[in-house]
Amino acid sequence: MLDIKFIRENLKVVKDSAIAKGFDISFLDDLVACDEERRSLIAQIDKLNSEKKNNTDREKGKEIKDSLKEKEERFREVLDKFEKLMLRVPNPSALDVKIGTEADNEIVKTWGTIPAFDFKIRDHVEIGELTDSIDIERGTKVAQSGFYYLKNGGALLELALVNYAMKKLVSKGFVPVITPNVAKEKSVVGCGYQARSDKERQIYHIEGEDLDLIGTAEITLMGMHSDEVLNGSELPIKYAGFSYCYRTEAGSYGKDVRGILRVHEFRKTEMVVICKPEESDIWHEKLREIEEEIWQELEIPYQVIKMASGDLGSAAARKYDIEAWMPSQNKYREVTSTSVTTDFQTRRLNIRAKINNETVYPHALNGTVFSGRPIIAIMENYQREDGSFEVPAVLRDFVGKDIIEIKK
RNA sequence: GGAGGGGUGCCGGAGCGGUUAACGGAACGGUUUGCUAAACCGUGGCUCUCUAAUCGGAGCCCAUGGGUUCGAAUCCCAUCCCCUCCGCCA
């Protein structure tokens with residue numbers, strides 16, 4: 001959410017930046033008109049309240065009450081519309097972000113050497129079957145397409161990744177958090193995710209409850225501090241959250257149907273940072289560096305993508321994705337993402353901070369540490385001729401094995 | 001599931017029908033000061049308005065939404081949440 005004063009005074013900027021993100025801006029003029037009526041009604045209601053306060057006459061009092069009721073009813077309607085429109089205004093992209101579409105995304109860094117195999121390589125589905133690490137078929141039988149079992153090496157590997165990631169982040173001063181896997185709509189919308197009323201919603205809703213299954217721990221981690229006033233000395237707040245994540249993947253039917261790249265349920269370790277406004281750009285680079293450090297330690301080739309404006313979504317002002325090398329696809333695929341949302345989410349969630357006696361909206365950032373996808377990259381990049389795969393050196397102590405052998 | 005108690009500012013906590021958020025603490029700013037500490041002074045949040053900005057002016061906010069009243073934090077109703085005890089389950 002943006003400051004309405006900023007929108008009012010910089011309408012052209014807001015419009016241009018919304019266009020750059022690929023948003024329809026026809027509602028913005030509506031918003032401005034709505035804001036005008038809202039303010040006019042506030043002035044009228046304030047005046048009536050002032051009269052009410054200073055009045056002791058019975059008849060006059062009743063009269064004031066009637067017109068107050070009328071104005072307040074109208075005000076409620078206008079406010080409701082105003083708030084809905086406000087939630088639709090996207091966060092402008094940062095100044096250093098390229099204006100353009102997905103095609104303008106920029107590779108800002110490439111790291112590692114693409115492995116050369118002297119045998120016919122397998123994809124993670126085959127390796128998962130041969131090592132009895134991933135059972136997609138039974139996941140589908142018991143749950144639905146898009147759910148899967150991790151077994152044996154697969155299960156150990158995932159737990160190892162979580163432990164490794166948590167250990168690293170704790171050493172960097174992050175607070176480890178295991179969050180609920182559901183959240184009320186308030187936190188979901190507060191983070192800029194679609195409301196449940198939207199048809200193409202990306203998240204599952206629990207019927208009969210004000211609860212959604214979260215698509216990322218960002219929702220529960222950010223929601224933790226909604227409606228709070230933080231003390232400036234508490235900042236930056238750094239969380240390493242672990243949660244299950246649920247995504248409907250509506251609108252992506254037919255994409256990545258093979259394997260576990262795109263699934264309805266996975267586990268993710270997510271960083272969230274809430275910091276002073278002037279420090280958010282530095283933190284964004286730090287989060288990217290942490291993500292890179294992990295892929296370097298795993299010794300898996302990757303590239304860093306800086307997203308162009310059109311690929312940012314509503315909340316992000318800047319976003320970097322890390323794409324890891326996936327041998328079976330012969331290309332890099334997204335495995336992490338880090339965004340700075342400036343004060344967009346903190347406004348929506350009403351997270352404030354008192355800094356030098358001034359109440360401000362702090363800035364918020366998020367970044368993936370691990371999700372289910374790294375398992376794919378590890379299996380494929382570390383595969384051996386017989387279908388087994390090596391465990392990356394940094395994970396061996398956590399897994400307790402050097403090699404995940406095939407099941408005979 | 002049953003019975004009771006309670007939701008007031010950053011925190012604790014008073015007020016229980018008459019315009020005003022008592023009081024205490026924390027934090028921050030200021031004064032004083034070799035330094036630190038102490039002491040003293042100042043500062044609730046939100047919105048609208050004025051302003052280049054500050055200052056100023058006005059209104060709102062006592063869990064949420066209604067109601068009663070000339071007037072509601074205070075009385076009534078509904079809803080949500082928290083706590084204690086009992087029961088049930090583990």
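Here is how names work: the chains are called A, B, and so on, in the same order as the sequence lines, proteins then strands, and each is numbered from 1. No experiment lies behind these values; they were computed from the predicted model shown.
- Of the two residues contacting RNA chain B, namely A:E228 and A:Y361, the nearest-nucleotide position lying further toward the 5' end is that of A:E228.
- By the 4.0 Å N-to-carboxylate-O rule, A:E77 lies close enough to A:R74 to be salt-bridged with it.
- Among the atoms of the strands shown, none is found under 4.0 Å from any heavy atom of A:K184.
- As the counterpart of B:rC70, B:rG18 is assigned, both hydrogen-bonding distances of the Watson-Crick or G-U wobble pattern falling under 3.5 Å.
- Rounded to an integer number of Å, the gap from CD1 of A:I355 to C1' of B:rA27 is 13 Å.
- Atoms CD (A:E83) and P (B:rC46) sit 16 Å apart, rounded to a whole Å.
- Note on A:E292 versus A:K109: salt bridge recorded, some NZ/NE/NH1/NH2 to OD/OE distance being below 4.0 Å.
- Spacing of C1' atoms, B:rA38 relative to B:rU19, comes out at 40 Å, to the nearest Å.
- Summarising the geometry, the separation between NZ on A:K186 and P on B:rC80 is reported as 17 Å, rounded to the nearest angstrom.
- Geometrically, A:K306 does not engage A:Y320 in a cation-pi contact defined by less than 6.0 Å to the ring centre and at most 45° from the axis.
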Polar pairs (N or O, both sides) under 3.5 Å between protein and nucleotides 56-63 of chain B?
unit_1: B:rG59; atom_1: O2'; unit_2: A:D46; atom_2: OD1; d: 2.7
unit_1: B:rC60; atom_1: OP2; unit_2: A:K53; atom_2: NZ; d: 3.3

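- Residues A:E278 and A:K276 are not paired through a salt bridge, judged by the lack of any N-O separation under 4.0 Å between the basic side chain and the carboxylate.
- With C1' as the reference atom, B:rA21 and B:rG44 are 8 Å apart, rounded to whole Å.
- The gap from the P atom of B:rC82 to that of B:rC76 amounts to 24 Å, rounded to the nearest Å.
- In this structure, A:E265 does not pair ionically with A:R247, as no charged nitrogen and carboxylate oxygen lie closer than 4.0 Å.
- Taking 4.0 angstrom as the limit, A:R39 places none of its side-chain polar atoms (N or O) nearer than this to OP1 or OP2 of B:rC50.
- Using a 4.0 Å cut-off between charged side-chain N and carboxylate O, A:K12 and A:D16 make a salt bridge.
- In this structure, the CZ atom of A:F6 is 17 Å from the C1' atom of B:rA53, given to the nearest Å.
- In this structure B:rC80 sits in a base pair with B:rG7, meeting the Watson-Crick or G-U test at under 3.5 Å.
- To the nearest whole angstrom, the two P atoms, one in B:rG66 and one in B:rU74, are 14 Å apart.
- Across all strands shown, B:rU43 pairs with B:rA27; the Watson-Crick or G-U wobble distances both stay below 3.5 Å.
- On the C1' atoms, B:rC50 is 12 Å away from B:rU54, given to the nearest whole Å.
- Each of B:rA27, B:rG71, B:rC48 was ranked by its minimum atom distance to the side chain of A:N231; first place goes to B:rA27.
- The pair A:D35-A:R8 counts as a salt bridge, with a side-chain nitrogen and a carboxylate oxygen less than 4.0 angstrom apart.
- A:Y239 and A:E270 form no side-chain donor-acceptor contact under 3.5 Å, judged by distance and modelled atom types alone.
- For B:rC48, one of the phosphate oxygens OP1 or OP2 lies less than 4.0 angstrom from a side-chain nitrogen or oxygen of A:R38.
- Across all strands shown, nothing is found opposite B:rA52 as a Watson-Crick or G-U wobble partner with both distances under 3.5 Å.
- The P atoms of B:rG29 and B:rU36 are separated by 13 Å, rounded to the nearest whole Å.
- Counting to the nearest Å, the P atom of B:rA27 and the CG atom of A:L230 are 16 Å from each other.
- Spacing between atom CG of A:D66 and atom C1' of B:rG67 amounts to 15 Å, rounded to whole angstrom units.
- With RNA chain B read from its 5' end, the first of the two nearest nucleotides for A:T359 and A:K62 is the one closest to A:T359.
- Look at the C1' atom in both B:rC41 and B:rG45: the space between them is 23 Å, to the nearest Å.
- With hydrogens and angles ignored, the 3.5 Å screen pairs no side-chain donor or acceptor of A:T341 with any backbone N or O of A:L365.
- Counting to the nearest Å, the C1' atom of B:rC10 and the NE2 atom of A:H225 are 14 Å from each other.
- For the pair A:R76 and B:rG65, the criterion of a side-chain N or O lying under 4.0 Å from OP1 or OP2 is not met.
- If you take atom P in B:rC55 and the same atom in B:rU47, they sit 15 Å apart, rounded to whole Å.
- Pairing partner, B:rG1: B:rC86, with both Watson-Crick or wobble hydrogen-bond distances short of 3.5 Å.
- Rounded to whole Å, the distance from CZ on A:R8 to P on B:rC50 is 10 Å.
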